[in-house]
2 protein chains.
Amino acid sequence: MRLTVLAGGIGGSTFLRGLLEARPDAEITVIGNTADDITLFGLRVCPDLDTVMYTLGGGISQERGWGREDETWVIKEELAAYGVEPTWFGLGDRDVATHLVRTQMLDAGYGLSAVTEALCARWKLPVRLLPMSDDRIETHVVVDDPDNPGTRKAIHFQEYWVRLHAEVPAHQVVAVGRDKAKPAPGVLEAIAGCDALLLPPSNPVVSIGTILGVPGIREAVRETAAPVIGLSPIIGTGPVRGMADKVLAAVGVESTAAAVARHYGARAAGGVLDGWLIDTSDSAQLDSIAAAGIHAQAVPLWMTDEKTTAAMADAALTLAEAVRR
Amino acid sequence: MRLTVLAGGIGGSTFLRGLLEARPDAEITVIGNTADDITLFGLRVCPDLDTVMYTLGGGISQERGWGREDETWVIKEELAAYGVEPTWFGLGDRDVATHLVRTQMLDAGYGLSAVTEALCARWKLPVRLLPMSDDRIETHVVVDDPDNPGTRKAIHFQEYWVRLHAEVPAHQVVAVGRDKAKPAPGVLEAIAGCDALLLPPSNPVVSIGTILGVPGIREAVRETAAPVIGLSPIIGTGPVRGMADKVLAAVGVESTAAAVARHYGARAAGGVLDGWLIDTSDSAQLDSIAAAGIHAQAVPLWMTDEKTTAAMADAALTLAEAVRR
């Protein structure tokens with residue numbers, strides 16, 4: 001069974017662990033978000049790809065959910081001693097080594113997909129991890145400029161997310177460079193050639209939404225013969241994890257499972273979804289989702305442990321079989 | 001008193017500590033060798049400049065004589081896990097932070113002298129440290145090519161020194177890029193405008209010799225009104241430290257204090273020396289050095305502790321006064 005999964009960072013990785021538990025023999029391709037990538041201290045950092053790689057490769061910090069386990073922070077300390085900005089992004093020493101290898105390979109002319117493949121070789125990943133694009137795309141968020149009252153400025157998503165904790169209003173989310181980007185080698189084929197396409201409970205705006213926005217990807221998702229099943233990243237009115245509600249507001253989408261489903265839209269109506277899993281506590285929304293032409297089902301969606309997450313993945317694949325055309 | 005010192009790495013730094021002890025109020029400019037600089041993992045590494053900076057800034061590993069104290073080696077371990085070459089050069093984590101800052105500044109267009117000044121600001125150096133040149137110069141050593149018997153190849157000095165421990169014959173030493181290089185801003189002025197110019201017991205070929213070879217520097221040393229005093233890096237037939245004897249052989253110079261003095265030459269005869277300090281155990285060579293037109297004196301030259309080193313520096317400055325024209 002060939003499965004393709006669009007993934008952000010922590011949510012996507014956690015879901016993938018469950019999927020691997022549920023379908024250990026599946027041939028899984030992960031299309032990772034690269035729009036929260038950032039260049040720091042001359043190093044190209046790919047937070048979402050690395051979170052997937054470290055999580056599935058066994059190197060992730062279980063405690064933080066990002067970065068490496070047994071991490072040390074000597075470089076961060078030294079950079080601060082040199083007075084180098086920014087200080088709000090935590091690059092651990094082990095993590096820096098990954099970025100050094102990546103940056104050196106990119107500078108030598110390798111594409112990000114080739115670099116990602118080389119990095120993943122060390123981790124013996126049980127999936128194939130593809131960046132959504134080899135072209136540079138960076139999400140910027142338009143916020144009020146505190147230095148110039150009454151005006152706004154665009155800041156890198158990481159500054160909005162990590163430094164400002166998404167605590168200031170986001171007026172707009174822009175994926176800079178995306179309009180001219182192409183899907184990375186293998187991406188369209190992985191969407192067209194899979195038996196089921198899954199959208200994990202990742203951020204629907206800055207993770208999944210950004211991937212879908214790469215020219216050609218949304219079209220490929222609409223046209224694939226495989227059923228497309230999503231899992232709601234919202235339970236009640238809050239995100240399963242992270243701050244999805246903040247960026248949903250920026251794009252004018254209510255923070256509910258049904259609103260996110262309508263935002264993605266039914267494939268039959270020009271959207272990307274065939275099926276949508278919501279949490280059992282939200283089952284009152286099932287009818288409204290079905291009214292939008294999306295097969296909906298309510299199951300426990302809190303990814304509290306691998307077993308629950310595997311059950312979610314299993315439910316998603318069962319729904320995929322039910323809606324297969 | 002304005003003193004200018006040409007310096008390699010460990011020998012130069014050790015001498016400088018003694019000089020600072022002997023003349024705490026002197027205004028010291030250090031012109032550092034940059035030809036053993038190397039780009040590793042995309043990072044620009046300047047071993048000699050950093051050894052001076054860490055030594056005089058209090059950050060040096062006392063045990064190794066190079067790199068940082070309280071160093072950790074996580075990055076080296078990770079790079080090896082990724083299978084990245086080379087593995088023979090030890091970049092500690094604290095050290096990597098220095099190279100990250102340097103590389104980022106160089107990439108942003110700053111000259112190496114501006115970068116060095118910025119790095120030294122953190123360490124509150126008691127001297128002004130100038131790279132010999134802002135232009136890229138790299139020492140390569142011509143050795144036998146073990147893969148192609150009967151042929152030779154040029155390898156980076158660091159590979160010869162660190163990986164091969166200078167244990168293979170060096171047929172030639174070439175400072176690649178030096179013929180088109182210019183002295184860094186301030187270098188010629190520091191040579192012309194000082195009260196004494198000192199050549200510490202650094203490697204006469206790949207440290208001091210390389211600095212003198214930058215177009216314009218040897219001429220400035222010949223023309224300065226200041227006395228020029230050197231300290232022999234050879235005691236008996238061996239180097240005070242390091243492997244100077246190996247590279248002396250490559251340039252056809254015998255490993256003795258007198259032979260190195262003649263290699264530098266008397267200023268009166270087109271060379272760079274007015275005075276030359278040799279170790280007391282070599283005093284039999286005093287006459288031969290004097291015969292070459294160089295004022296020679298024998299004093300204890302083993303830099304075993306700061307006090308002995310300070311006495312050496314004091315002797316060099318006393319000799320400078322004696323030979324001042």
Side-chain angles (χ1 to χ4, degrees), chain A residues 38-45 50 53-54 57-59 61 67-87 89-110 114-125, chain B residues 38-45 50 53-54 57-59 61 67-87 89-110 114-125:
Chain A
I38 186 168
T39 299
L40 288 167
F41 320 115
L43 299 172
R44 192 66 183 160
V45 180
D50 286 350
M53 180 172 79
Y54 294 155
S61 160
R68 298 287 309 279
E69 67 185 343
D70 300 324
E71 189 55 290
T72 57
W73 304 89
V74 161
I75 299 227
K76 189 175 159 70
E77 184 187 319
E78 289 289 326
L79 291 174
Y82 278 116
V84 175
E85 299 281 349
T87 54
F89 198 93
L91 282 187
D93 302 330
R94 290 188 193 280
D95 202 24
V96 161
T98 299
H99 310 320
L100 274 172
V101 179
R102 174 187 294 121
T103 305
Q104 196 184 4
M105 286 190 73
L106 289 172
D107 285 349
Y110 290 94
V115 173
T116 303
E117 189 181 347
L119 290 172
C120 287
R122 167 191 171 186
W123 296 98
K124 302 189 178 26
L125 280 215
Chain B
I38 187 168
T39 300
L40 288 168
F41 320 114
L43 299 172
R44 192 66 182 159
V45 180
D50 286 349
M53 180 172 80
Y54 293 156
S61 160
R68 298 288 308 281
E69 67 185 343
D70 299 324
E71 189 55 290
T72 56
W73 304 90
V74 162
I75 300 237
K76 188 175 160 67
E77 184 187 318
E78 289 290 326
L79 291 175
Y82 277 116
V84 175
E85 300 280 349
T87 54
F89 199 94
L91 282 187
D93 302 330
R94 289 189 193 281
D95 203 23
V96 161
T98 299
H99 310 320
L100 274 173
V101 179
R102 174 186 295 120
T103 305
Q104 197 184 6
M105 285 189 74
L106 289 172
D107 285 350
Y110 290 95
V115 174
T116 304
E117 188 180 348
L119 291 172
C120 287
R122 167 191 170 185
W123 296 99
K124 302 190 179 20
L125 280 214

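In what follows, chains carry the letters A, B, and so on, assigned in the order in which the sequence lines appear, proteins first and then strands, with residues in each chain numbered from 1. Here the structure is a predicted model, which is why all the values come from computation and not from measurement. What you see below is based on every heavy atom in this structure, not just the backbone, and it leaves out hydrogens, waters and symmetry mates.
The ring pair (Phe, Tyr, Trp, His ring centres under 6.0 Å) check on F89(A) picks up nothing, with sequence neighbours excluded. With sequence neighbours excluded, the residues forming a side chain to side chain donor-acceptor pair (under 3.5 Å) with T39(B) are R44(B), listed by chain and number.
Most heavy-atom pairs under 4.5 Å with chain B: of the set Y82(A), F41(A), W123(A), this distinction falls to Y82(A). Interface remark: of the candidates V101(A), D70(A), T103(A), V101(A) forms the most heavy-atom pairs closer than 4.5 Å to chain B.
Only the side chain of Q104(B) comes within less than 4.5 Å of a heavy atom of chain A; its backbone N, CA, C and O stay farther away. In this structure, the portion of L43(B) lying under 4.5 Å from any heavy atom of chain A is its side chain and not its backbone.
Atom CD of E117(A) is surrounded by 12 or fewer heavy atoms from other residues, nucleotides or ligands within 6.0 Å.
For the atom pair CD1 (I75(A)) and OG1 (T72(B)), the distance works out to 8.0 Å, reported to the nearest 0.5 Å.
Using non-hydrogen atoms only and a strict 4.5 Å limit, the part of residues 90-100 of chain B facing chain A consists of D93(B), R94(B), V96(B), A97(B), T98(B), L100(B).
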